[in-house]
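This report refers to the structure that appears directly beneath it.
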Number of protein chains: 2
Amino acid sequence: MTTEETARAAIGWHQEAQQEQGQEQEQEELELNVFAQLCPSREMFAELADKWSLLILMSLAACGPQRFSELQRGIGGVSRKMLTQSLRTLERDGLVQRTVYPETPPRVVYDLLPLGRELAELVSPLGRWTEQRARQMLAAREVFDAAHTEA
Amino acid sequence: MTTEETARAAIGWHQEAQQEQGQEQEQEELELNVFAQLCPSREMFAELADKWSLLILMSLAACGPQRFSELQRGIGGVSRKMLTQSLRTLERDGLVQRTVYPETPPRVVYDLLPLGRELAELVSPLGRWTEQRARQMLAAREVFDAAHTEA
DNA sequence: CTGTATCCGAAATGATACTG
DNA sequence: CAGTATCATTTCGGATACAG
């Protein structure tokens with residue numbers, strides 16, 4: 001490995017794959033790369049990098065298993081449609097479990113599966129960070145907007 | 001604090017604020033809450049919970065300061081329009097710095113500001129997690145889809 | 001090279017009404 | 001309660017042309 005290669009590797013991630021994606025035959029285990037447009041992991045990433053999906057994961061992590069209506073009350077502004085849709089996707093990908101208790105009226109509870117819990121533990125800090133730094137970002141906005149108003 | 005309240009607090013986050021948002025006068029420092037529809041932090045969160053914004057932050061964290069064209073090559077599938085737009089937002093919120101070197105042709109370099117670096121360090125693990133678990137999620141999908149095909 | 005401006009089709013989302 | 005179906009609207013995002 002050359003000095004150059006060492007330097008690039010030290011910076012992080014997997015630059016080789018970032019160039020293009022097509023002929024990564026070096027390993028029997030194909031490299032997945034969120035930066036590559038056609039990589040399956042990019043599709044997953046694009047799906048998870050969504051406001052509602054992340055809020056659902058955070059809510060389940062913070063408040064534990066919840067019913068559909070609890071989630072909707074807890075996550076301000078979600079419509080039933082978006083909540084249903086996002087939950088289905090999370091369920092499909094094995095992140096969330098949907099359990100129906102055949103009562104009347106029916107009770108449906110959503111909970112994190114191990115995979116979803118892993119992800120939620122990475123996402124929750126993101127939510128807290130946003131709350132902690134929101135004022136700072138808003139302040140930066142005002143400065144930026146002010147500087148771009150004298151036109 | 002009742003046993004019930006202790007339990008709720010232990011679960012995490014700030015349930016009080018999750019109910020509604022309007023009369024949190026308990027502290028001089030208003031509580032920010034990403035779960036509340038009208039909270040400023042929600043707006044910030046919605047803005048950051050975006051595919052392109054997150055990929056830009058990850059790319060800058062992984063590869064260091066980059067020019068516009070480098071970012072576009074590194075992030076597969078971004079159009080100039082989306083890249084410009086996302087970079088402007090990140091710049092406006094004080095996460096990214098844009099530096100113009102008045103050469104010919106002009107050279108523009110983007111880099112993380114301290115605030116953006118903080119965020120990037122929370123976001124990058126998310127990208128790596130997605131790559132590591134993508135296969136698992138895809139496998140879960142097949143199972144889910146198979147189970148919902150016999151109709 | 002690094003954008004900006006505009007057009008336009010596609011996709012996301014909200015509102016509403018209906019169902020098991 | 002927990003959805004589904006449909007429609008209307010908004011927003012997103014790519015293509016293209018033009019500019020400093």
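A note on names: the letters A, B, ... follow the listed sequences, proteins ahead of strands, and every chain is numbered from 1.
The closest donor-acceptor contact from the side chain of A/D50 to the backbone of A/W52 lies under 3.5 Å.
One finds a salt bridge joining B/D111 and B/R117 here, because a Lys/Arg side-chain nitrogen approaches an Asp/Glu carboxylate oxygen to under 4.0 Å. Using a 4.0 Å cut-off between charged nitrogen and carboxylate oxygen, B/E47 and B/R92 do not count as a salt-bridge pair. B/K51 and A/E43 are not joined by a salt bridge, as no carboxylate oxygen comes within less than 4.0 angstrom of a charged side-chain nitrogen.
Hydrophobic cluster membership differs between B/Y101 and B/F68, with clusters built from Ile, Leu, Val, Met, Phe, Trp and Tyr side chains linked at under 4.5 angstrom.
Distance, A/L83 CG to C/dA15 C1': 16 Å, rounded to whole Å. If you take CD1 of A/I56 and C1' of D/dA2, they are 14 Å apart, rounded to a whole angstrom.
Looking only at atom types and distance, the side chain of A/R88 has no donor-acceptor partner in the side chain of A/Q85 under 3.5 Å away.
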Could you go over nucleotides 1-3 of chain C and give all protein N or O partners under 3.5 Å, atom names and distances?
residue	atom	partner	partner atom	Å
C/dC1	O3'	B/R67	NH2	2.9
C/dT2	OP1	B/R67	NE	3.0
C/dT2	OP1	B/R67	NH2	3.3
C/dT2	OP2	B/S69	N	3.1
C/dT2	OP2	B/S69	OG	2.8
C/dG3	OP1	B/R88	NH2	3.2
C/dG3	OP1	B/R98	NE	3.0
C/dG3	OP1	B/R98	NH2	2.5
C/dG3	OP1	B/Y110	OH	3.4
C/dG3	OP2	B/Y110	OH	2.6
C/dG3	N7	B/R80	NH1	3.4
C/dG3	O6	B/R80	NH1	2.7

Would you tabulate the pairs of protein nitrogen or oxygen atoms and nucleotide nitrogen or oxygen atoms of nucleotides 7-13 of chain D closer than 3.5 angstrom?
residue	atom	partner	partner atom	Å
D/dG13	N7	B/K81	NZ	3.0

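To the nearest 0.5 Å, atoms CZ (B/R42) and CG (B/N33) are separated by 8.5 Å.
Residue-environment remark: CD (A/E142) stays at or below the threshold of 12 foreign heavy atoms within 6.0 Å.
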